[in-house]
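Before any comments, here is the structure.
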Amino acid sequence: MAGTRLTIRVPADFVLARDACSYGYFLLAPNHWEADTWTFSRLLELEGGPARVAIRQPEENGASARRVTLASRRRAARGRPLRVACDRTLNASERASVRGQIARMFRLDEDEGTLRAFHKLDPRWRRSGRGRLFRSPTLFEDVIKTVTSCNVQWPSTMHMNIRLCEVVGRGGAFPSAEKLARTRASTLRGRCRVGYRDKRIIELSRMFARGEIDEAWMTDTATPDDELFGFLQTLPGIGPYASANIMQLLGRHSRLPLDTESVRHGKSVLGFTGTDAQIMKRVHKHFEPFGEHAFRSYWFEVWEFYERKAGASETWRPKEVASAFTASNLK
DNA sequence: GGTAGACCTGGACGC
DNA sequence: GCGTCCAGGTCTACC
């Protein structure tokens, strides 16, 4: 790529492959993880138009080919700066935006102290170092992706995001709130296959575009979890599950976004029995002791189950994962 | 406050 | 190839 190149410093424990491939959204368009080269790429929306960024974390001594185990590759990459290659030249403002969006996706603001506290509470993840959870470069994209994940199986979520980028996004980028707000419901339904979510997505986009969503209030640590949870549920298409999921995407991990997948987890991994409602309650209770890190404990258990089925997440390829992650295969 | 049914799509299945 | 059934979270109407 001939264009701007950036170097981004990361926390000492950060591993791109582990921390990017930590939540399902890394598999959703326009995100792309190249499993062979450990390169994360996507289009980012910038003031001068979309730009493609390819992000790598070169390993110590550049000796990736000689390192045969996942653990040794992770160790060699740990804490090393990210190298970002953009497909065009960026101005200073755009460079700052790219840095900010990358920091949001990989949660570079989460320091080692926070994760050390999590590992003290739940030592199962100390060895692997898991703790960060991938998210989108913007809150808006996280919210829309959450809506596309509701009441649908994973392959359809993947398809909806591909179509949103292809049909509505500029040049294949994830569509902006302004663009989605101006899109017809019939386009979203007919061409993006979002079904009944069409009007809800447009209304959410209008709220973001009009500045009615106060992101600063949401990210302010002084804002109580209960108030935020209540507010999120007033948004169109956002119920209890989606609210809890958006909260974890905002960095609040005390609530669990429980769905049918959680019931599956409760039954098959935790050995719970009873009705679905009873199992949901037991799953909530089970993770209560992990307090403000409850979601991390819950999620990495679920993630470990997926990895036992499909191999280490760094090696996943979207098409293969789409067919592997159907409800029938996860039972 | 709790519950039933509608909302859509894509995949699985039977014929 | 066609029709039917089912999974999935939110919303609305109703009790």
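Heavy-atom basis, side chains included; hydrogens, waters and symmetry copies ignored. Proteins come first, then strands; the chains are lettered A, B, ... in the order of their sequence lines, and each starts at number 1.
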Atom pairs under 3.5 Å, N or O on each side, protein against nucleotides 12-15 of chain C: can you list them with distances?
none

Give a yes-or-no answer on whether the side chains of Ser22(A) and Asp19(A) include a donor-acceptor pair shorter than 3.5 Å. no
Interatomic distance, Met160(A) CE vs dG10(B) P [rounded to whole Å]: 8 Å
Starting at atom NZ of Lys281(A), determine the distance to atom C1' of dG2(B), rounded to an integer number of angstrom. 12 Å
Nearest-Å distance for atom pair OH/P, residues Tyr241(A) and dC11(C): 14 Å
Is there a chain of hydrophobic side chains (I, L, V, M, F, W, Y, each step under 4.5 Å between heavy atoms) that links Phe300(A) to Leu16(A)? yes
Which part of the nucleic acid, if any, lies within reach of Leu235(A) when heavy atoms closer than 4.0 Å are counted: base, sugar-phosphate only, or nothing? sugar-phosphate
Provide, to the nearest angstrom, the distance between the CZ atom belonging to Arg264(A) and the P atom belonging to dA7(C). 16 Å
How about Glu292(A) and His253(A): does a side-chain donor come under 3.5 Å of a side-chain acceptor? no
Just to verify, which of Met158(A), Arg42(A), Glu141(A) counts as forming a side chain to side chain contact (heavy atoms under 4.5 Å, CB included) with Leu28(A)? Met158(A)
Regarding Glu307(A) and Arg130(A), does a basic nitrogen lie under 4.0 Å from an acidic carboxylate oxygen? yes
In whole angstrom, what separates Ile238(A)'s CD1 from dG9(C)'s C1'? 10 Å
How long is the line joining CD of Gln153(A) and P of dC5(C), in whole Å? 18 Å
Under a 3.5 Å threshold, yes or no: a donor from one side chain and an acceptor from the other, between Arg191(A) and Thr187(A)? no
Can you give one letter per nucleotide of nucleotides 3-9 of chain B, going 5' to 3': B for a protein heavy atom under 4.0 Å from the base, S for sugar-phosphate only, - for none? ----BSS
Go through the side-chain N and O atoms of Ser97(A) and Gln101(A) and say whether any donor and acceptor fall under 3.5 Å apart. yes
What is the distance, to the nearest angstrom, from the CG atom on Asn245(A) to the P atom on dG9(C)? 11 Å
In whole Å, what is the span from the CG atom of Leu232(A) to the P atom of dG9(C)? 18 Å
Could you check whether Phe208(A) and Phe140(A) have their ring centres less than 6.0 Å apart? yes
Between Ser262(A) and Asp259(A), a side-chain donor and acceptor under 3.5 Å: yes
